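Worksheet: the structure to be examined is printed underneath.
The figures that follow rest on heavy atoms only: side chains count, while hydrogens, waters and symmetry mates do not. Remember, it's 1-based here, ligands and their atoms both numbered in the order they're listed. All values reported here derive from a predicted model rather than from experimental measurement.
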Amino acid sequence: MSDKQFDVVVIGGGPGGYVAAIRAAQLGFNVACIDEWKNAKGGPALGGTCTNIGCIPSKALLQSSEHFEHAGHAFADHGIKVEGLGIDVAKMLARKDNVVKQNNDGIVYLFKKNKVAFFHGRGSFVKASDAGYEIKVAGANEESITGKHIIVATGSNARPLPGAPFDEENILSNDGALRVGAVPKKLALIGSGVIGLEMGSVWRRLGSEVTVLEALPTFLGAVDEQIAKEAKKAFDKQGLKINLGVNVGEVKSGKNGVSIAYTDAKGEAQKLEVDKLIVSIGRIPNTIGLNPESVGLQLDERGAIVVDDECKTSLPNVWAIGDVVRGPMLAHKAEEEGVAVAERIAGQHGHVNFNTIPWVIYTSPEIAWVGQTEQQLKASGRAYKAGTFPFLANGRARALGDTTGMVKFLADAATDEILGVHMVGPMVSELISEAVVAMEFKASAEDIARICHAHPSLSEATKEAALAVDKRTLNF
Ligand SMILES: Cc1cc2nc3c(=O)[nH]c(=O)nc-3n(C[C@H](O)[C@H](O)[C@H](O)COP(=O)(O)OP(=O)(O)OC[C@H]3O[C@@H](n4cnc5c(N)ncnc54)[C@H](O)[C@@H]3O)c2cc1C
């Protein structure tokens, strides 16, 4: 076998691709990973959208802006006086860039540790041969490598608004939204999905007046209705102006910012003038430059690579995972698929349970859920019981000074099996794991209700909501 012949070649080094490469190497394969992302100096920046312009930098900015908001508002309640509070945006962005770099470097270290060969450049299919698939790597040097198995993990890109492309100055994608050099006085968001709400929260906390324009008539339609209503109440109180059922018309970017024409839910024409606009209306699977036609790799009408339940594509020994295929566009879903595919290549029974993938929105309050919503259960006609518990009645939440929200359990009416758990409130991004574990083990609500939870902890709200399914909360 020559140096350029690999058992497994992974195209894309985001959370799906780099994790697939590591798992394949752990299983004894000779593995290469190709990734084209460049840092500011032109060097490699492993970790994909998630690490460079997604999960990680957004959470770094959410943390900084939350500290700022606490210092400006919440500290006073604790008797802490802050005078001369200010924000150094350049320093905040530099900290965020440093957090990103630590993650980039961490993956380089992991590749070395696991002996994954890394190629910096764009990978594209050339042809199928007896040895596998030939892949061209176009980077500083052009080279050709061959893989017996190929795992495509090329991710996704932000969807632009028709007629108003991203200029990353005034009309921002998630990328530009993470690099705004000064707090905009007025900021608009088109799209009230996860990414929009998180980025809007960052800049609102730092002082922007934020207006959200959402085409759908309901707020956070994928979220349990009761939880979405509770979250909207909190966002309204914070001053986030959320307009639902709008129809966006002409969007013009000029010297002084952006003007947005739209029709509101009543059908009345409106105009909004803002300094910056963040467009977050979904993401498009990315196969740019992959040259799938050369080998006949099948894509669907959305441009996603067609795969079956096991991530097998239309071609033998070619697999695809993460944002470039069907399913939720989440980093942990991509990672799970990466591990499962590596194990399937090794002849094992890799497994991804789509029913227990958690969702989190890292606003404040945070929103997190797993399993089915109440509206889904109603639509399917399944008989269920519901139990809720408010953080208002939780001792730790009171001590923290953050009593917004609740935990909600949905369980089968006959068997008590947990069908969904929905949360809005403090640190629910962490609390949701218990519900995921419970559902993975097919636990009943009573199982959680009978488990000892530390006191005082936010997790007691989870136990109490499980007790509420049987109408026997102890503290409410
Ligand atoms: C602002 C924002 C916040 C987010 N927050 C969260 C969150 O909190 N939690 C969460 O779970 N998800 C979050 N996501 C979604 C998450 O980032 C994606 O679901 C995840 O990154 C998908 O992983 P992936 O490996 O499929 O693709 P990606 O992360 O997109 O990685 C693909 C990689 O492949 C490379 N590539 C593409 N084509 C080629 C080629 N031909 N040759 C070589 N390299 C190529 C790209 O440069 C990139 O490095 C967020 C996304 C955004 C935009």
F354 atom CZ, over 12 foreign heavy atoms within 6.0 Å
yes
Nearest-0.5 Å distance that lies between atom OG1 in T363 and atom CD in E198
7.0 Å
Yes or no on side chain to side chain contact (heavy atoms under 4.5 Å, CB included) for Q298 and T313, after CA distance, side-chain angles and deciding distance?
CA-CA 7 Å; Q298 201 188 334; T313 68; over 6 Å; no
So do V152 and F125 actually touch side chain to side chain, heavy atoms under 4.5 Å?
yes
List the closest protein heavy-atom neighbour of atom 33 (C) of ligand 1: residue, atom name, distance to the nearest 0.1 Å.
D35 OD1, 3.5 Å
Atom CZ of R396: over 12 foreign heavy atoms under 6.0 Å:
no
Numbered in order shown, the ligand 1 atoms found under 4.0 Å of a heavy atom of I53 are 1 (C), 53 (C)
For E143, I'd like to know if atom CD has over 12 heavy atoms of other residues, nucleotides or ligands within 6.0 Å.
yes
Should one rank T154, I357, V325 by closest heavy-atom distance to atom 38 (N) of ligand 1, which comes out on top?
T154
Within a strict 4.5 Å, meaning less than it, do heavy atoms of the L244 and P217 side chains meet?
no
Ligand 1 atoms nearer than 4.0 angstrom to some heavy atom of S156 are 30 (O)
Quick one: nearest non-hydrogen protein atom to atom 10 (C) of ligand 1, plus distance?
A331 N, 3.5 Å
Check this for me, if you would: do E230 and K233 make a salt bridge, where the nitrogen-to-carboxylate-oxygen distance has to be below 4.0 angstrom?
yes
Considering residues, nucleotides and ligands other than K59, do more than 12 of their heavy atoms fall under 6.0 Å from its NZ?
yes
Protein heavy atom at shortest distance from atom 30 (O) of ligand 1
T49 OG1, 2.7 Å
Just jot down the ligand 1 atoms closer than 4.0 angstrom to any heavy atom of A153, in number order.
32 (C), 33 (C), 34 (O)
Is D275 reaching over with its side chain to a backbone N or O of P184, donor-acceptor style, under 3.5 angstrom?
no
protein heavy-atom neighbour closest to atom 16 (C) of ligand 1 works out as C55 SG, 3.8 Å
Could you give the distance from CD1 (I135) to CD1 (I150), rounded to the nearest 0.5 Å?
4.0 Å
Nearest non-hydrogen contact to atom 27 (O) of ligand 1 from the set G12, G155, A45, S124 belongs to G155
Ligand 1-proximal atoms of M199, by part, heavy-atom distance under 4.0 Å:
neither
Check: L330 N/O within less than 3.5 Å of ligand 1 N/O
yes
Less than 4.0 Å is my threshold; does some heavy atom of Y18 fall inside it relative to ligand 1?
no
Would K59 count as a polar contact of ligand 1, with the cut-off being nitrogen or oxygen pairs under 3.5 Å?
yes
Taking only heavy atoms of G322 into account, list the atoms of ligand 1 that are under 4.0 Å away from them.
26 (O)
Could you say whether the N/O atoms of H332 and ligand 1 ever approach to under 3.5 Å?
yes
To check your reading of the model: name the closest protein heavy atom to atom 31 (O) of ligand 1, its residue, and the distance in Å.
G14 CA, 3.4 Å
Among protein heavy atoms, which lies nearest atom 18 (C) of ligand 1, and at what distance?
D323 OD2, 3.3 Å
Listed partners of E225 passing side-chain hydrogen bond (donor to acceptor under 3.5 Å, both in side chains), at least two apart:
none
Could you list the atoms of ligand 1 found under 4.0 angstrom from a heavy atom of I34?
43 (C), 44 (N)
Ligand 1 atoms in contact with G16 (distance to a heavy atom under 4.0 Å)
25 (O)
For atom 2 (C) of ligand 1, the closest protein heavy atom turns out to be G54 CA, 3.3 Å
Does the pair R23/E343 count as a salt bridge with the N-to-O cut at 4.0 Å?
yes
What protein heavy atom lies closest to atom 43 (C) of ligand 1? Include the residue and the distance to one decimal.
G121 O, 3.3 Å
Side chain to side chain contact (heavy atoms under 4.5 Å, CB included) partner of C311, chosen from I151, V352, V341:
V341
List every atom of ligand 1 that sits less than 4.0 Å from any heavy atom of G48, numbering the atoms from 1 in the order shown and giving each element.
29 (O), 31 (O), 48 (C), 49 (O)
Using a 4.0 Å cut-off to any heavy atom of S58, which atoms of ligand 1 qualify?
3 (C)
What's the spacing between I305 CD1 and T287 OG1 if we round to 0.5 Å?
6.5 Å
Looking only at N/O atoms, are G123 and ligand 1 under 3.5 Å apart anywhere?
yes
Is the contact between V360 and ligand 1 made by the side chain, the backbone, both, or neither, using heavy atoms and a 4.0 Å cut-off?
neither
Does ligand 1 have any atom that is closer than 4.0 Å to a heavy atom of R283?
yes
